[in-house]
Asker: 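Got a structure for you, written out below as structure tokens; questions coming shortly.
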Protein chains: 2
Amino acid sequence: MGTRRRGEELERAILHAAAEELRESGYPGLTMDRVAARAGTNKNAIYRRWPHRAALGIAAYRHLSDVAIPNPDTGTLRGDALEMLRQANETWSSPHGAVLRSLLSAAADDPALLDLMRARSGAETMDRAWLTMLDRAVARGEAPPTAVHPRVAATPMMLLRAEYAMRGIPSVPDEILIEIVDEVFLPLVRGRV
Amino acid sequence: MGTRRRGEELERAILHAAAEELRESGYPGLTMDRVAARAGTNKNAIYRRWPHRAALGIAAYRHLSDVAIPNPDTGTLRGDALEMLRQANETWSSPHGAVLRSLLSAAADDPALLDLMRARSGAETMDRAWLTMLDRAVARGEAPPTAVHPRVAATPMMLLRAEYAMRGIPSVPDEILIEIVDEVFLPLVRGRV
DNA sequence: CCTTATAGGGTACGTCCAGTACCCTATAGA
DNA sequence: TCTATAGGGTACTGGACGTACCCTATAAGG
């Protein structure tokens with residue numbers, strides 16, 4: 001009474017199960033046995049596809065999410081920056097982001113995992129969005145042309161990430177985002193003569 | 001043929017052994033069995049003092065290091081900032097720093113551990129050092145008084161930390177430190193009218 | 001000086017989990 | 001219809017955390 005799943009179908013089932021486990025228990029709670037059980041298969045099928053737990057974790061994460069990079073256009077640099085940070089904050093503090101953070105923290109020990117994460121993190125796309133934001137601000141005369149610089153563009157997101165690393169886990173309060181924009185980002189843009 | 005160690009003495013021996021293990025193998029390599037063996041005792045003696053591995057890890061880390069916070073006074077804000085970053089970079093990329101990073105990454109999952117780390121990381125002391133640096137710059141007329149702001153003070157170290165999180169593990173190149181100072185920190189100070 | 005509570009030491013578990021090994025069987029494709 | 005391949009079942013090794021038990025050295029008090 002067949003219907004033994006194979007190939008694509010089974011692979012999707014495993015990834016789905018792994019993604020669920022990730023969402024429920026984070027990366028540390030992602031165990032091969034439980035994924036196998038949940039997918040209604042066994043560890044063989046998993047290890048035939050991914051060499052170890054980390055690889056499965058990443059695959060499951062990317063299966064569960066294609067991170068959308070926002071590109072707000074509010075008419076002011078302050079509005080754009082704040083919107084970017086708020087979106088990012090929302091993403092990172094969602095269950096989704098919890099998975100990502102869990103993976104990232106696990107990656108600190110595992111260089112291979114870190115590389116894979118970086119490739120999938122969309123960091124460059126993010127930086128590009130900030131740069132075009134700055135371009136628009138320059139066009140409006142809101143910022144000097146010298147403000148369009150990759151490191152300037154990357155600074156707010158880096159500060160947000162650092163904030164996450166400091167605090168425990170939950171969402172970063174909005175006041176902090178505003179502070180990053182008003183006390184750091186805007187003065188920085190202004191100061192680049 | 002006694003000389004069974006007790007109390008203080010035994011505790012120091014355990015911490016010493018744990019610190020050595022940390023240095024050699026990082027936090028993931030810190031196992032209770034090996035610490036016990038290395039200290040010439042057994043796990044009972046350890047668990048009687050620390051409730052779990054994480055607690056021992058932190059205790060061992062602080063036993064092995066009292067982080068000295070530098071306070072350079074080179075005569076210019078740029079020189080001071082660069083020196084601070086260089087010192088920090090050296091600390092973080094040393095075997096010592098590897099231990100710290102290893103603990104931090106493990107702490108991302110464990111709020112209790114994160115708190116203990118934060119308490120011991122000397123972050124406030126570090127921020128104070130940057131603030132007095134800024135004070136001196138204001139006194140010299142190098143920076144506007146409004147530049148003395150906690151978030152401004154914390155920014156360069158946060159950027160350095162983010163850089164560590166991005167890259168794999170090793171030392172951050174000096175060019176990056178210079179860029180953080182010249183392209184972000186100094187313009188930021190300048191821009192705070 | 002003797003007695004006793006306490007802390008160390010030895011050791012063996014129970015449990016969980018990664019990763020591997022075998023062996024049997026359904027299924028696709030020739 | 002036959003056969004190579006991929007799934008499934010299951011058991012096992014090895015490492016690690018944390019616990020339980022029981023024996024013994026030692027410190028402190030009468």
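Labels below follow one simple rule: chain letters A, B, ... track the order of the sequence lines, proteins then strands, and each chain is numbered from 1.
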Asker: Nearest whole Å is fine: how far is C/dG8 P from B/E9 CD?
Answerer: 11 Å
Asker: Do A/N89 and A/D174 have side-chain heavy atoms sitting under 4.5 Å apart?
Answerer: no
Asker: Looking at C/dC17, D/dG8, D/dA20, which one has an atom nearest to any side-chain atom of B/N44?
Answerer: D/dA20
Asker: Could you state the CE-P distance from B/M32 to D/dG18, rounded to the nearest angstrom?
Answerer: 6 Å
Asker: Round to the nearest Å and state the distance from B/R48 atom CZ to D/dG18 atom P.
Answerer: 16 Å
Asker: Just how far, in rounded Å, is C1' of D/dG15 from NZ of B/K43?
Answerer: 11 Å
Asker: Is any side-chain heavy atom of A/E183 closer than 4.5 Å to a side-chain heavy atom of B/R192?
Answerer: yes
Asker: Can you give me every donor-acceptor pair (side chain of residues 42-51 of chain B, partner residue at least two apart or in another chain, under 3.5 Å) with its distance?
Answerer:
residue, atom, partner, partner atom, Å
B/R49, NE, B/E11, OE1, 3.2
B/R49, NH1, B/A45, O, 2.9

Asker: Roughly, in whole Å, what's the span from CG in B/L30 to P in D/dG15?
Answerer: 17 Å
Asker: In this structure, how many angstroms lie between the C1' atom of D/dT19 and the CD1 atom of B/I46, rounded?
Answerer: 14 Å
Asker: Return the value, rounded to whole Å, for the distance between atom CG of B/D33 and atom P of D/dG18.
Answerer: 11 Å
Asker: Quick check on D/dG7: is either OP1 or OP2 less than 4.0 Å from any side-chain nitrogen or oxygen of A/R49?
Answerer: yes
Asker: Quick check: closest heavy atoms across B/V189 and B/A143, and the distance to 0.1 Å?
Answerer: CG1-CB, 3.4 Å
Asker: Is B/T41 close enough to C/dG8 that one of its side-chain N or O atoms is under 4.0 Å from OP1 or OP2 there?
Answerer: no
Asker: In whole Å, I'd like the distance from the OH atom of A/Y47 to the C1' atom of D/dT10.
Answerer: 15 Å
Asker: Any side-chain N or O of B/R53 less than 4.0 Å from the OP1 or OP2 oxygen of D/dC17?
Answerer: yes
Asker: Counting distance alone, no hydrogens or angles: does the base of C/dG10 have a donor or acceptor under 3.5 Å from a partner atom on the side chain of B/N42?
Answerer: yes
